[in-house]
Amino acid sequence: MYDPTLDVCDGVIAESMSEYDSQDDKPLVFRRNSATPQQNESNPEITIIKQNASNVMEKTLKEEGQSRSNSEDSDDDKPLSVKLSSGALNGNSHHIRMGSNLSCPSPYTSPKPRIIKGPEDEMLLSSELQLNAGASNAESSDSDESKPLASELEEPSSSLNKRPLIQPKISDPSPSKKAKLSEPSAPTNRKRKQPKAEEAAADDDLPISNRNKKSTTPASKVSDKKKRPDVSASLNKVNKQSNKADFSKSLKVPPGSGEGQKWTTLVHNGVIFPPLYKPHGVKMLYKGNPVDLTPEQEEVATMFAVMLETEYMTKPKFRENFMSDWRKILGEKHIIQNLEDCDFTPIYEWHQREKEKKKQMSTDEKKAIKEEKMKQEEKYTWAVVDGVKEKVGNFRVEPPGLFRGRGEHPKMGKLKKRIFPNDITINIGKDAPIPEPPIPGERWKEIRHDNTVTWLAFWNDPINPKEFKYVFLAASSSLKGQSDKEKYEKSRKLKDYIEGIRAAYTKDFASKDSKRRQIAVATYLIDKLALRAGNEKDDDEADTVGCCTLKVENVETKRPNILKFDFLGKDSIRYQNEVEVEPRVFSAIEQFRSGKEGGDDLFDQLDTSKLNAHLKELMPGLTAKVFRTYNASITLDEMLSRETKGGDVAEKVVVYQHANKEVAIICNHQRTVSKSHSAQMVRLNEKIEELKGLLKELQEDLTRVNKGKPPLKNSDGKPKRNLNPEALQRKIAQTNTKIEKMERDKETKEDLKTVALGTSKINYLDPRITVAWCKRHDVPIEKIFNKSLLAKFAWAMDVDPNFRF
DNA sequence: GAGTGCACTTAGTATTCCATCC
DNA sequence: GGATGGAATACTAAGTGCACTC
């Protein structure tokens with residue numbers, strides 16, 4: 001396993017220290033806010049060009065449910081009367097008034113549920129493409145190497161599945177006009193992973209993890225018995241024909257030709273591995289004496305040593321888990337028996353010196369290293385999907401290290417072992433050359449040719465072997481773009497159902513069926529507070545909750561109708577919020593709490609499956625998470641529309657940032673306050689004071705000059721240049737502008753110190769809202785989206801300027 | 001209906017890049 | 001050309017939800 005002589009793994013220059021850079025955990029500051037406005041949409045006709053290795057096909061799809069005209073918008077413009085408290089941005093908990101203004105004719109007015117016979121309740125089932133089980137092993141793919149890249153597979157068929165649904169508010173276009181591809185609900189009901197089941201059947205019906213030996217054999221045999229053609233060379237054929245424009249950002253293609261099928265041809269070079277460990281030989285101390293460690297023992301000790309300055313060191317669980325795993329490597333009889341007697345400082349100091357050396361390298365040296373690294377990695381950075389070159393997202397296998405779970409994770413500190421090729425399953429086109437494992441003598445665990453999934457490779461998470469780590473295409477790929485677009489289309493569709501849904505759950509607040517009452521209240525909270533669904537969690541995960549898993553102790557009731565939330569959500573981020581709710585919601589919560597202990601489930605008859613099953617009866621494909629996207633996007637749309645008054649580009653950008661911030665607050669997207677925040681504020685204040693001093697001086701000079709006197713001397717006692725009154729006035733104006741800008745910057749900095757704006761921009765805000773707004777208001781899109789977002793949202797760039805969510 | 005496997009999205013933090021200032 | 005700080009990017013943990021089995 002350890003080869004001290006090797007500091008290059010598949011050409012990557014070993015940077016052993018880079019794997020151990022320290023990370024700090026800092027406490028967070030919390031705040032909440034909420035707003036839930038509504039808006040409507042337009043209906044762009046979408047031109048989709050499908051391109052693969054052999055052809056370019058163009059088809060125009062009328063997007064399902066998109067033929068609604070802007071004139072319909074007005075019907076939806078019914079604000080939910082969500083009152084924000086003034087403490088919103090000061091780290092205070094919030095007091096949000098909800099519901100009381102929502103009586104008729106509000107979104108809570110009684111629904112008129114109807115059975116729909118139109119296409120809304122068509123639940124499309126896709127028949128899965130048959131994968132040739134025989135072809136799924138490497139033998140057959142090997143023999144197929146000479147085949148062209150694009151192989152044709154069977155087209156999927158569809159069938160119907162009907163449910164009673166709440167009628168969407170608008171009348172939908174005729175079923176015949178609907179394109180399956182853009183029907184967001186369709187895939188949700190499809191039969192899943194049939195090819196995989198067949199493949200699994202061919203593979204003994206065993207879980208992947210148990211199929212290791214059996215499945216590894218064929219692939220491994222292949223790489224032994226026959227020398228593969230150079231994958232890179234093969235890809236380069238495509239590459240030569242592809243220039244930058246071939247990257248998917250230029251496409252408007254829905255990838256895959258069927259519901260379950262994601263691609264037809266897939267070619268890639270596999271993954272790149274971190275360099276093998278290079279021992280440094282620096283000895284740590286045990287009871288004050290230097291200790292000899294094997295490279296393997298030293299590697300794990302170094303992982304710990306480089307974290308000495310992090311907060312993990314103060315966590316007993318982290319230390320305990322580390323020691324437990326390290327002891328397995330040290331062996332029972334090793335001199336090191338107790339972590340408290342260990343002194344890792346020599347290794348820590350060595351690491352600091354290495355970091356410093358790296359920092360001190362000249363720009364040219366750094367550049368040369370970077371270029372070399374890029375050269376070595378280049379072939380792993382892209383894949384060819386249906387003849388189109390696409391960026392790969394995470395082509396680097398995760399290096400070994402100590403697990404840095406968030407919050408009070410019971411597994412923090414455990415050793416994340418090194419991943420080797422025989423841990424990795426590769427997914428690749430049947431006719432594509434299988435990449436050679438980059439570590440000599442190693443074989444891939446398994447080769448698959450599953451075109452119903454988008455991953456290129458996966459391995460079992462060493463911390464939780466039941467789970468997987470996947471290698472996917474980058475966010476800019478067509479596959480990701482299509483899926484993103486479908487997500488926003490689905491949440492946009494919720495707008496047509498939301499009134500009925502709100503009316504339905506409002507009615508159920510008083511239902512005699514307690515399960516129904518719990519579903520109603522949970523849906524209300526998810527809708528109004530953008531709470532996450534809250535799946536059940538195992539004991540070996542951090543103790544966090546979402547809506548369905550809220551505990552009694554997480555929601556306090558304050559009469560007459562205030563709910564006080566306090567819990568740890570995803571990533572152990574604290575959610576604190578005080579909300580005024582509908583009296584019936586308040587009563588229901590009081591009832592759910594009664595007779596229970598603090599640690600008991602608030603919604604004891606509910607879980608996410610039951611909740612989502614219920615939501616699907618109201619709208620095809622509706623799940624709890626759709627509400628978050630819907631509320632985020634509609635808030636942005638509404639705020640941009642309401643608050644853009646004109647002014648220059650900078651002022652409009654401020655309007656956008658303000659709306660973005662509101663969404664981030666609604667979604668509780670937080671970040672830690674940067675270490676240098678207070679120092680930066682001090683500096684800003686100093687600069688402002690300095691400018692104010694200058695301003696005062698200039699004003700005095702102006703008064704003197706107006707009286708025909710010379711200006712005051714400067715701080716050195718030397719005479720200043722005698723400026724004319726106009727020049728002085730100009731300087732005064734400039735200084736004033738500078739001060740104003742700095743004051744604004746200071747305010748914004750303070751305001752946003754704990755709010756993460758990026759998360760909502762990347763995941764929740766329909767980019768078409770942004771693009772259309774930019775077009776309507778002559779704001780260059782680059783002012784809002786950086787390079788990555790422009791690539792990720794390439795599919796949204798052609799949106800009609802009149803688009804509304 | 002509970003439990004689980006699997007595939008994917010969402011999330012915060014660390015690191016790197018790059019512009020600006022001195 | 002070094003320091004600084006904000007933006008961009010990389011990394012990987014932690015969620016959601018569907019399909020399937022029992």
Side-chain angles (χ1 to χ4, degrees), chain A residues 18-19 21-26 28 128 187-194 196-197 200 205 207-209 262 310 359-360 362-363 366 370 393-399 401 403-407 409 411-412 416 427 450 452-455 458 460-461 463-464 466-470 472 474-475 479-480 483-484 487 532-538 541-542 544-546 548-549 569-573 607-613 615-616 621-626 628-629 667-672 674-677 679-680 683-684 745 749 752 756-760 762-764 785-789:
Chain A
S18 67
E19 290 175 30
D21 283 345
S22 63
Q23 293 173 348
D24 281 342
D25 260 3
K26 293 289 168 200
L28 295 165
E128 300 293 324
T188 63
N189 212 25
R190 70 172 190 265
K191 199 177 172 190
R192 209 170 138 120
K193 301 288 161 280
Q194 186 59 29
K196 182 146 291 170
D205 280 336
I208 303 153
S209 52
K262 301 284 173 52
T310 70
K359 212 169 144 189
Q360 293 306 324
S362 71
T363 312
K366 285 181 193 165
K370 194 183 157 193
N394 52 331
F395 52 87
R396 293 183 193 90
V397 170
E398 291 175 21
F403 178 64
R404 298 175 183 212
R406 295 171 188 160
H409 200 294
K411 291 193 171 179
M412 65 168 80
K416 244 177 71 173
N427 192 32
D450 185 352
T452 68
V453 295
T454 65
W455 53 265
F458 83 83
N460 288 83
D461 179 358
I463 294 298
N464 191 351
K466 284 189 298 184
E467 282 164 17
F468 314 106
K469 297 282 194 175
Y470 291 95
F472 290 116
L479 273 168
K480 292 277 188 194
S483 151
D484 226 21
K487 173 183 78 182
R532 293 188 186 85
N535 281 321
E536 294 293 333
K537 297 194 76 182
D538 290 342
E541 294 176 280
T544 62
V545 300
C548 293
T549 43
K570 182 176 177 179
D571 294 314
S572 294
I573 296 291
D607 61 33
T608 52
S609 325
K610 286 172 190 156
L611 179 68
N612 284 336
L615 293 176
K616 279 190 181 57
L622 182 61
T623 60
K625 83 193 265 273
V626 180
R628 256 168 99 79
T629 315
C667 294
N668 201 34
H669 291 147
Q670 300 186 16
R671 60 174 183 161
T672 48
S674 79
K675 281 180 205 161
S676 57
H677 177 80
Q680 286 171 28
R683 257 195 297 276
L684 263 176
D745 288 352
K749 197 188 271 284
L752 296 177
L757 297 184
T759 309
S760 50
I762 294 169
N763 299 302
Y764 289 106
F785 289 161
N786 62 33
K787 213 177 82 191
S788 301
L789 288 178

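The figures here come from the full heavy-atom set of this structure, side chains too, leaving out hydrogens, waters and symmetry mates. These figures come from a predicted structure and were not determined experimentally.
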How close or far is atom C1' of B/dA11 from atom CG of A/Asn668, stated in whole angstroms?
12 Å

Under 4.0 Å: is that the gap between some side-chain N or O of A/Asn535 and OP1 or OP2 of C/dT16?
yes

Nucleotide nearest A/Lys610 (side chain, heavy atoms from C-beta), chosen from B/dC8, B/dA2, C/dC18
B/dA2

Are any protein N/O atoms closer than 3.5 Å to N/O atoms in nucleotides 7-12 of chain C? If there are, list each pair with its distance.
unit_1, atom_1, unit_2, atom_2, d
C/dT9, OP2, A/Ser788, N, 3.4
C/dT9, OP2, A/Ser788, OG, 2.1
C/dC11, OP1, A/Arg396, NH1, 3.1
C/dC11, OP2, A/Arg396, NH1, 2.5

Between A/Thr363 and A/Thr608, which has a closest nucleotide on DNA chain C that is more 5'?
A/Thr363

Check side-chain contact (heavy atoms from CB on, under 4.5 Å) between A/Lys466 and all other residues, then give those that pass, not counting sequence neighbours.
A/Asn464, A/Asp538

Length of the line joining A/Tyr764:OH and C/dG15:P, which is rounded to integer Å:
12 Å

Hey, which of these two, A/Asp538 or A/Asn763, hits DNA chain B nearer its 5' end, going by closest nucleotide?
A/Asp538

Candidate nucleotides B/dC8, C/dT16, C/dG15, ranked by approach to the side chain of A/Ala533 - the nearest:
C/dT16

Applying side-chain contact (heavy atoms from CB on, under 4.5 Å) to A/Ser674 and not counting sequence neighbours gives A/Ser676, A/His677, A/Gln680

Indicate whether OP1 or OP2 belonging to C/dT16 is found under 4.0 Å from a side-chain N or O atom of A/Thr623.
no

Name all residues meeting the ring-ring contact (aromatic ring centres under 6.0 Å, His included) criterion together with A/Phe395; count only those two or more places apart in sequence or in a different chain, and write none if there are none.
none

Select from A/Thr454 and A/Asp607 the residue whose nearest nucleotide in DNA chain B is closer to the 5' end of that strand.
A/Asp607

Just to confirm, is there a sub-4.0 Å distance from OP1 or OP2 of B/dT9 to any side-chain nitrogen or oxygen of A/Ser483?
yes

Check: A/Leu611 and A/Leu615 side chains under 4.5 Å, non-hydrogen atoms:
yes

Does A/His409 make a side-chain N or O approach to OP1 or OP2 of C/dA13 shorter than 4.0 Å?
no

In whole angstroms, the gap separating P of B/dC6 from CG of A/Asn464 amounts to 13 Å

Spacing between A/Asn427 atom CG and B/dC8 atom C1', to the nearest angstrom:
14 Å

Using only side-chain N and O atoms of A/Asn612, determine if any of them is under 4.0 Å from OP1 or OP2 of C/dG17.
yes

Should A/Lys487 be listed as having a side-chain N or O under 4.0 Å from OP1 or OP2 of B/dT9?
no

C/dG17, OP1 or OP2 - any side-chain N/O from A/Ser609 closer than 4.0 Å?
no

Contacts of A/Lys416 that satisfy side chain to side chain donor-acceptor pair (under 3.5 Å) - sequence neighbours left out:
A/Glu398

From NE2 of A/His669 across to P of C/dA14 the rounded distance in Å is 16 Å

What nitrogen or oxygen pairs link the protein and nucleotides 17-19 of chain B at under 3.5 Å?
unit_1, atom_1, unit_2, atom_2, d
B/dC17, OP1, A/Lys370, NZ, 3.0

Report which part of the nucleic acid A/Ala624 touches: base, sugar-phosphate, or nothing (heavy-atom distance under 4.0 Å, all strands).
sugar-phosphate

Establish, with yes or no, whether the OP1 or OP2 oxygen of C/dG15 is under 4.0 angstrom from a side-chain nitrogen or oxygen of A/Thr544.
yes

Is A/Lys570 side chain donor-acceptor paired with the B/dT10 base, going by distance under 3.5 Å alone?
yes

So, is A/Lys625 near the phosphate of B/dT10, with a side-chain N or O under 4.0 Å from OP1 or OP2?
yes

With a 3.5 Å cut-off and no angle check, do the side chains of A/Thr623 and A/Asn612 form a donor-acceptor pair?
no

With sequence neighbours excluded, tell me which residues meet side-chain contact (heavy atoms from CB on, under 4.5 Å) with A/Lys570.
A/Arg532

Look at all strands and tell whether A/Gly758 reaches a base, only sugar-phosphate, or nothing, counting heavy atoms closer than 4.0 Å.
nothing

Between atom CZ in A/Arg532 and atom C1' in C/dA13, what is the gap in whole Å?
13 Å

Tell me, please, which residues at least two apart from A/Asn786 pass side chain to side chain donor-acceptor pair (under 3.5 Å).
none

Using a heavy-atom cut-off of 4.0 Å across all strands, would you classify A/Gly546 as base, sugar-phosphate, or nothing?
nothing

Provide, to the nearest angstrom, the distance between the CD atom belonging to A/Glu467 and the P atom belonging to B/dT4.
12 Å

A/Thr544-A/Lys537 side chain donor-acceptor pair, cut-off 3.5 Å
yes

Taken in chain and number order and not counting sequence neighbours, the residues that satisfy side-chain contact (heavy atoms from CB on, under 4.5 Å) with A/Asp484 are A/Lys487, A/Tyr488, A/Lys792, A/Phe793, A/Trp795

Using whole Å, report how far NZ of A/Lys480 lies from C1' of B/dT9.
7 Å

Heavy-atom donor-acceptor pair, A/Lys411 side chain to A/Ile463 backbone, under 3.5 Å
yes

